[in-house]
Amino acid sequence: MISDFFHPNVGGVENHIFMLSANLIRRGHKVIVITHSHPPDRVGVRWLLPGLKVYYIPFPTIASSATLPNYFTFLPYFRVIIAREHIHLIHAHASLSSLGQEAILHAHHLGVRTVFTDHSLFGFEDAASILTNKLLAAALKNVDAVICVSHTGRENTVLRGQLFEKSEDSSALVVRPNVYVIPNALVAEQFTPATEPVSSETIYIVVLSRLAYRKGIDLLVATAPRICSAFPNVNFIVGGDGPKLNDLLQVRERHLLQDRIELLGPVRHRDVRDVLVRGSIFLNTSLTESFGIAILEAACAGLYVVSTRVGGVPEILPHDMISFAKPEEDDLIRALSEAVAIVSKGQHDPIDAHQRVKNFYNWGEVAERTEISEQKDLWARMQRTMELGPFAGPIYTIILVVDCLFFLFLEWLMPQRDLDFVHMHWEHNNFRQVQ
């Protein structure tokens with residue numbers, strides 16, 4: 001597993017990598033993780049339960065835990081780790097992960113197969129999107145398999161990564177057959193509903209999110225005072241941190257809602273369930289969302305969900321477990337009012353919701369579907385890379401050829417036969433004993 005985004009940072013991608021790794025270990029595979037360092041503590045090799053080995057490479061980050069794309073300086077680290085650990089497949093995660101994209105470039109020199117999982121939706125208009133989409137397209141030209149967490153995410157990734165080719169029967173373009181949809185999952189036992197029923201007199205609406213613009217916090221700022229005014233028995237619990245925290249603090253002060261809107265600040269993942277079970281309704285106001293693992297966790301904890309109808313959110317839950325709204329203030333008020341009425345009348349059963357989500361999403365099935373993959377030779381990779389365009393194609397082809405020459409130089413300088421190979425691995429019997 002290779003990504004810029006991994007523990008000790010907390011997030012959807014980080015949790016996905018950890019849970020998928022743990023379940024692949026359970027299925028008998030050896031799994032390691034390669035990510036960047038977190039000075040001063042996380043540099044070098046660390047072990048995480050249950051037997052997950054993590055390499056923290058000494059690369060600095062530039063923004064949002066992402067490293068600067070460099071292509072060549074990662075190769076010496078990558079080559080040694082992959083060779084000495086006897087790795088057969090690398091699985092890169094997240095479009096903005098430079099380490100993941102560079103690993104796909106380097107892996108073919110070692111005969112290692114490659115898989116890429118995209119977790120987010122991105123646009124096509126602004127300069128940042130244009131640049132990152134071209135970097136993604138270059139990386140995915142030669143990847144063996146692409147996984148998306150929703151059908152909406154698949155459409156987005158196919159367009160951004162140019163994952164189409166000419167049909168054999170006609171000149172029409174078709175999506176490459178190696179693009180799959182495998183959703184996220186969760187450990188249902190970690191999100192059980194409250195043992196005692198939540199008070200029916202006061203209804204709590206829970207919001208757990210990064211307090212940022214793309215998470216629709218402006219919608220929350222606009223709707224929370226109106227809901228509190230319309231429903232005297234409805235309060236809000238908001239967990240998370242981010243640049244929009246000050247806006248929430250100001251609206252709470254302006255409308256004198258200190259006793260109606262509780263701001264928890266950052267919430268550790270192990271405490272998420274304890275926060276969720278305090279409420280009856282979960283509110284998601286995201287403006288863009290590829291899957292929305294927080295929605296899944298809330299539904300598993302027995303909460304009725306209200307969400308904006310964006311991205312892959314409509315694919316997550318059955319319609320009787322969620323109310324949708326347009327990303328507009330008035331429509332969100334309508335959906336919240338509808339949810340308050342459903343919860344007040346006792347029409348939502350938390351235990352039944354938990355059982356249904358438990359049957360829908362399972363990390364074991366995700367791990368089984370991720371066990372895949374075909375290999376391409378250098379000439380085929382160069383031909384595919386040239387398809388990027390008249391300017392980007394030659395540039396990335398030169399990068400590919402130079403990378404290959406640099407690899408051959410490293411093979412001469414430090415032959416693989418002289419490496420210190422890993423011969424002792426984690427015993428799977430030990431893994432079973434700690435379950």
Side-chain angles (χ1 to χ4, degrees), residues 120-123 125-126 152 202-265 267 275-276 278-299 303-317 319-345 347-348:
S120 303
L121 302 177
F122 291 92
E125 301 174 332
D126 57 288
T152 302
T202 303
I203 296 175
Y204 287 93
I205 298 175
V206 179
V207 179
L208 288 176
S209 170
R210 174 160 171 76
L211 305 182
Y213 169 77
R214 67 185 298 269
K215 292 297 183 180
I217 301 304
D218 291 331
L219 280 174
L220 176 62
V221 169
T223 55
R226 292 179 59 182
I227 289 294
C228 289
S229 176
F231 300 96
N233 65 325
V234 173
N235 293 341
F236 284 82
I237 301 173
V238 181
D241 196 7
K244 291 289 183 179
L245 177 60
N246 285 337
D247 294 357
L248 283 170
L249 289 168
Q250 289 174 9
V251 77
R252 188 173 70 166
E253 293 285 338
R254 188 183 310 120
H255 295 275
L256 303 178
L257 295 173
Q258 288 87 344
D259 59 336
R260 304 283 301 279
I261 301 177
E262 183 181 355
L263 301 178
L264 302 178
V267 178
V275 175
L276 288 172
R278 293 176 57 189
S280 303
I281 298 171
F282 180 81
L283 175 61
N284 172 61
T285 56
S286 291
L287 302 180
T288 175
E289 196 77 70
S290 180
F291 184 83
I293 190 67
I295 294 174
L296 198 58
E297 293 172 348
L303 279 70
Y304 187 82
V305 177
V306 176
S307 175
T308 46
R309 186 187 290 273
V310 295
V313 172
E315 304 174 27
I316 300 175
L317 296 171
H319 290 289
D320 60 333
M321 297 176 65
I322 185 171
S323 290
F324 290 108
K326 299 175 183 177
E328 302 170 357
E329 180 182 339
D330 291 338
D331 203 45
L332 191 60
I333 294 290
R334 175 202 58 77
L336 282 170
S337 302
E338 177 185 304
V340 170
I342 290 173
V343 171
S344 299
K345 296 175 182 177
Q347 297 176 351
H348 179 71

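Quick note: residue numbers are just sequence positions, from 1. The figures that follow rest on heavy atoms only: side chains count, while hydrogens, waters and symmetry mates do not.
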(message) Within the structure provided, determine whether Arg214 and Glu289 are in side-chain contact (heavy-atom separation under 4.5 Å).
(response) no
(request) For residues Arg309 and Pro314, report the shortest heavy-atom separation together with the two atoms involved. (result) CG-CG, 3.8 Å
(message) Within the 4.5 Å heavy-atom criterion, are Thr288 and Phe122 side-chain neighbours or not?
(response) no
(request) Give the minimum heavy-atom separation between Leu211 and Gly240, together with the two atoms involved. (result) CD1-O, 3.5 Å
(message) Which heavy atom of Ser209 sits nearest to which heavy atom of Ile217, and what is that distance?
(response) OG-CD1, 4.4 Å
(request) Using a 4.5 Å cut-off on heavy atoms from C-beta on, say whether the side chain of Asp218 contacts that of Leu287. (result) no
(message) Is there a side-chain contact between Leu332 and Leu220 in this structure, where contact means two heavy atoms from C-beta onward sitting under 4.5 Å apart?
(response) no
(message) Using 0.5 Å steps for rounding, measure from the CD1 atom of Ile316 to the CE atom of Met321.
(response) 11.0 Å
(request) Identify the two heavy atoms, one from Pro232 and one from Arg260, that lie closest to each other, and give their separation to 0.1 Å. (result) O-NH2, 3.5 Å
(request) Please tell me if the side chains of Thr285 and Thr223 come closer than 4.5 Å, counting only heavy atoms from C-beta onward. (result) no
(request) Take atom CD of Glu125 as the centre, draw a 6.0 Å sphere, and report whether it contains more than 12 heavy atoms from other residues, nucleotides or ligands. (result) no
(request) Measure the shortest side-chain to side-chain distance between Phe231 and Leu336 over non-hydrogen atoms and say whether it is less than 4.5 angstrom. (result) no
(request) State, yes or no, whether a side-chain contact exists between Arg210 and Pro243 at a heavy-atom distance under 4.5 Å. (result) yes
(message) Does any part of the side chain of Leu264, heavy atoms only, come nearer than 4.5 Å to the side chain of Ile237, both counted from C-beta?
(response) yes
(request) State, to 0.1 Å, how close Phe324 and Val313 come at their nearest heavy-atom pair, and which atoms those are. (result) CE2-CG1, 3.7 Å
(request) Please report the shortest heavy-atom distance between Glu262 and Arg252, naming the atom on each side. (result) CA-NH1, 4.4 Å
